[in-house]
Amino acid sequence: MRTIGRVLLASGTFILVSAAIYWFVSHEWAGTILLVGTGTATLIVAAYSWLKVGSSTVFAEDRGDADPGDGEGEAIASFTMDSPWPLAFGIGVAVLAGGLVFGPPLLVVGAVVIVVAIVGMMRESIA
């Protein structure tokens with residue numbers, strides 16, 4: 001995961017620099033907040049892949065002598081199809097985005113729904 005960690009680190013840094021430039025050029029809040037959130041989320045995933053997986057496992061994409069078929073057949077993950085939490089998370093994001101347009105009460109409701117959905121997904125993945 002060293003390769004994907006580097007790509008995500010570069011992407012997150014680029015997005016955060018773009019957010020700073022966007023703010024200084026436009027002084028517009030919604031786009032700046034969305035860019036900062038995207039950059040931060042990208043850097044969180046980069047840090048996770050770098051710390052959790054990067055030092056213990058060597059994947060085919062990290063080897064210079066790898067063939068295209070070397071990564072074939074790796075287990076990616078298992079996803080449950082009957083979980084309500086991804087839908088709740090999506091609804092929370094939509095309400096939060098509506099709050100950027102219509103006002104703070106929707107921001108609070110959207111944030112609460114997002115936190116509840118994240119906690120639900122985390123509890124479900126532990127079981």
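Numbers here simply count residues along the sequence, with the first being 1.
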Note to self: If hydrophobic clusters are built from ILVMFWY residues whose side chains come within less than 4.5 Å, do Y48 and I44 share one?
What the structure shows: no

Members sharing V17's hydrophobic cluster, built from side-chain contacts under 4.5 Å between Ile, Leu, Val, Met, Phe, Trp and Tyr, are I21, V25

message = If hydrophobic clusters are built from ILVMFWY residues whose side chains come within less than 4.5 Å, do L107 and V93 share one?
response = yes

Checklist entry - Do W85 and V119 come within less than 4.5 Å of each other through their side chains, counting heavy atoms only? => result no

- Message: When you group the ILVMFWY residues by side-chain heavy-atom contacts below 4.5 Å and let the links chain together, are V109 and I91 in the same group?
- Response: yes

Hits for side chain to side chain contact (heavy atoms under 4.5 Å, CB included) against S18, two or more places apart or cross-chain, chain-then-number order -> F14

Across all chains, not counting sequence neighbours, the side chain to side chain contact (heavy atoms under 4.5 Å, CB included) partners of V45 are L8

Here the side-chain hydrogen bond (donor to acceptor under 3.5 Å, both in side chains) pairs for residues 28-44, sequence neighbours left out, are Y22-E28

Nearest heavy-atom approach of A117 to F89 is CB-N, 3.5 Å

Identify all side-chain donor-acceptor contacts of residues 95-106 below 3.5 Å with residues at least two apart in sequence or on another chain.
none

Output for pair (L16 CG, L35 CG), nearest 0.5 Å, gives 9.0 Å

Looking only at heavy atoms, the pair that brings E124 and S83 closest together is OE1-OG, 2.7 Å

Interatomic distance, CZ@R6 vs OG@S11, rounded to 0.5 Å, equals 13.5 Å

